[in-house]
Number of protein chains: 2
Amino acid sequence: MAEAKTTVSPAAVRDAALTLFAERGYHGTALSQIAAALGIRTPSLYNHMRAKQDLLRDIVADTTEQVWADYEAAVAGIDDVAERLRRATRVYALRHATHRREALIVNRDIASLEDPARTTVLELRRRHAHAFRSLIEQAGPTDEESATLAAFGILEMCVSIARWFHEDGPLSAEAVADKYSEYALRVAGLA
Amino acid sequence: MAEAKTTVSPAAVRDAALTLFAERGYHGTALSQIAAALGIRTPSLYNHMRAKQDLLRDIVADTTEQVWADYEAAVAGIDDVAERLRRATRVYALRHATHRREALIVNRDIASLEDPARTTVLELRRRHAHAFRSLIEQAGPTDEESATLAAFGILEMCVSIARWFHEDGPLSAEAVADKYSEYALRVAGLA
DNA sequence: CCTACCGATCGGTAGG
DNA sequence: CCTACCGATCGGTAGG
C-alpha cells in the first residue's frame with residue numbers, strides 16, 4: 001500500500017479518501033488505510049485535516065454544490081422545456097462519468113454525514129430533484145404522480161453510470177451522457 | 001431502543017439487522033445496536049446467529065437468489081421479447097417496493113461481503129444484468145453498446161424505488177412497478 | 001438469557 | 001513527519 005510520495009498535502013489526503021471511501025464506504029475505511037495509501041503514519045494525517053468526518057463533509061458538500069451549479073448553468077437561457085430537461089440530465093450524467101468516486105460516496109454515505117452538514121446537503125439534493133420533477137411536469141403529457149416517479153428514475157439511472165463507467169471503455173463520457181439524456185426524454189414521454 | 005420482546009428468534013435478529021443495516025450500512029451498525037433493538041444484551045445474539053458477517057451473507061445471498069428466481073418465473077413461457085422485458089422489469093421493480101431494506105443493503109454493502117459468498121453473488125447479479133441486456137438487444141432497434149447502457153440504466157432506475165417508496169403513499173407497489181416497466185420499454189426504444 | 005472479560009482496532013492527542 | 005499513548009468501542013468467547 002505504501003507509496004513513494006515525497007510530499008503530502010490536504011489535496012492528496014482528500015484524493016486518497018475519495019478512492020477508499022468509494023471502495024469500502026466511510027465506516028469501512030480506517031484512517032490508517034488512508035495513511036498507508038499515502039505512505040505516512042496515521043497521526044501525520046492530522047497535519048492536513050481536522051477529523052475523518054471533515055473529509056466526508058467536504059467531499060459530499062462540494063459535490064452537491066457543484067451538481068446544483070451544473071444544473072443552473074445547464075438550463076440558463078434555455079426556454080424550451082424539453083431542451084432544459086435534456087441539458088439538465090446531460091450534465092448530471094456527465095458528472096457521474098467524470099467524478100465517479102464522488103458520486104458513489106454521495107449516494108452511499110450520506111447517512112454517515114453528521115448535522116448540520118447533512119441537513120444542508122439533503123435540502124440541496126431535494127431542490128435538485130424537485131427541479132427535475134418540475135421540468136417533467138411542465139413539459140410532459142404526465143400527471144403529477146408520474147412526474148415524481150419519472151424524476152427519481154431518471155436521476156438514479158444517471159447514478160448507475162458511476163458504477164460501471166470506465167474512461168478507457170468503448171464510449172466517451174460525453175457519448176454516455178448524450179445517450180442517457182435521450183433516455184430521460186423518452187421516460188418523460190417527450191421522444 | 002429496548003423493546004418489550006418476550007421471545008427472540010433467528011428471524012427476529014435478521015429483521016432487526018435488516019432495518020439497521022439498511023439505515024446505517026453494515027460497517028455503520030454495531031451488534032450492540034441490534035441487540036438493543038431486540039431488548040437483549042450483545043452476547044445473547046449468539047444464541048441466534050454465528051457471526052455478524054453471516055447476517056449480511058444470508059440477507060444478500062437470499063435476496064440475490066430470489067431476484068434471479070423472480071426473473072426466470074416472469075419470462076417463463078413468454079415468447080414476445082418486448083413482453084419478456086416488460087415482465088422482467090415489472091418483477092424487479094416490484095421487489096424493490098416490497099423489499100426495500102433488502103434492496104438497499106444489497107446495493108450498498110455488497111463490498112462488505114466476504115468471499116466466497118461475494119463472488120457467488122456478483123456472478124448471479126451479472127447473469128441477471130446480462131439477461132436484461134440480451135432482451136434489449138434481441139428486441140430493440142439498438143446496437144450492442146446502447147443495449148448495455150440501457151440495461152444498466154433500467155436496473156438502477158428500479159433500485160431508486162427502494163429509496164423513496166412508502167406503502168402508505170399515493171401509489172401502490174403494483175402501480176409503481178407498472179410505470180417503471182413502461183419506462184423500461186421506452187428506454188429500450190420499444191414504446 | 002446473563003455478567004465478566006478478551007484482544008484488536010478505532011479516531012484522535014501529546015509532545016517533540 | 002514521527003513514536004508513544006489515550007479512552008472508547010468493536011466483534012466475539014467463557015462459563016454459567
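What you see below is based on every heavy atom in this structure, not just the backbone, and it leaves out hydrogens, waters and symmetry mates.
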Nucleic acid footprint by protein, nucleotides 9-15 of chain D - heavy-atom cut-off 4.0 Å, B for base, S for sugar-phosphate alone: -SSBB--
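- For D:dT13, the paired base is C:dA4 (Watson-Crick or G-U wobble, both distances below 3.5 Å).
- Within 6.0 Å of CG in A:Asp115 there are more than 12 heavy atoms belonging to other residues, nucleotides or ligands.
- Look at B:Arg41 and you won't find any side-chain N or O under 4.0 angstrom from OP1 or OP2 of C:dC1.
- A donor-acceptor contact closer than 3.5 angstrom links the side chains of A:Thr19 and A:Arg101.
- Contact check on A:Asp80 versus A:Arg86 returns no salt bridge, with no Lys/Arg side-chain nitrogen under 4.0 Å from an Asp/Glu carboxylate oxygen.
- Residue A:Arg127 places its CZ atom among more than 12 non-hydrogen atoms of other residues, nucleotides or ligands, all under 6.0 Å distant.
- Side-chain contact, B:Ser44 with B:Asn47: no donor N or O sits under 3.5 Å from an acceptor N or O.
- Whole-Å rounding puts the B:Ile40 CD1 to C:dC1 P distance at 5 Å.
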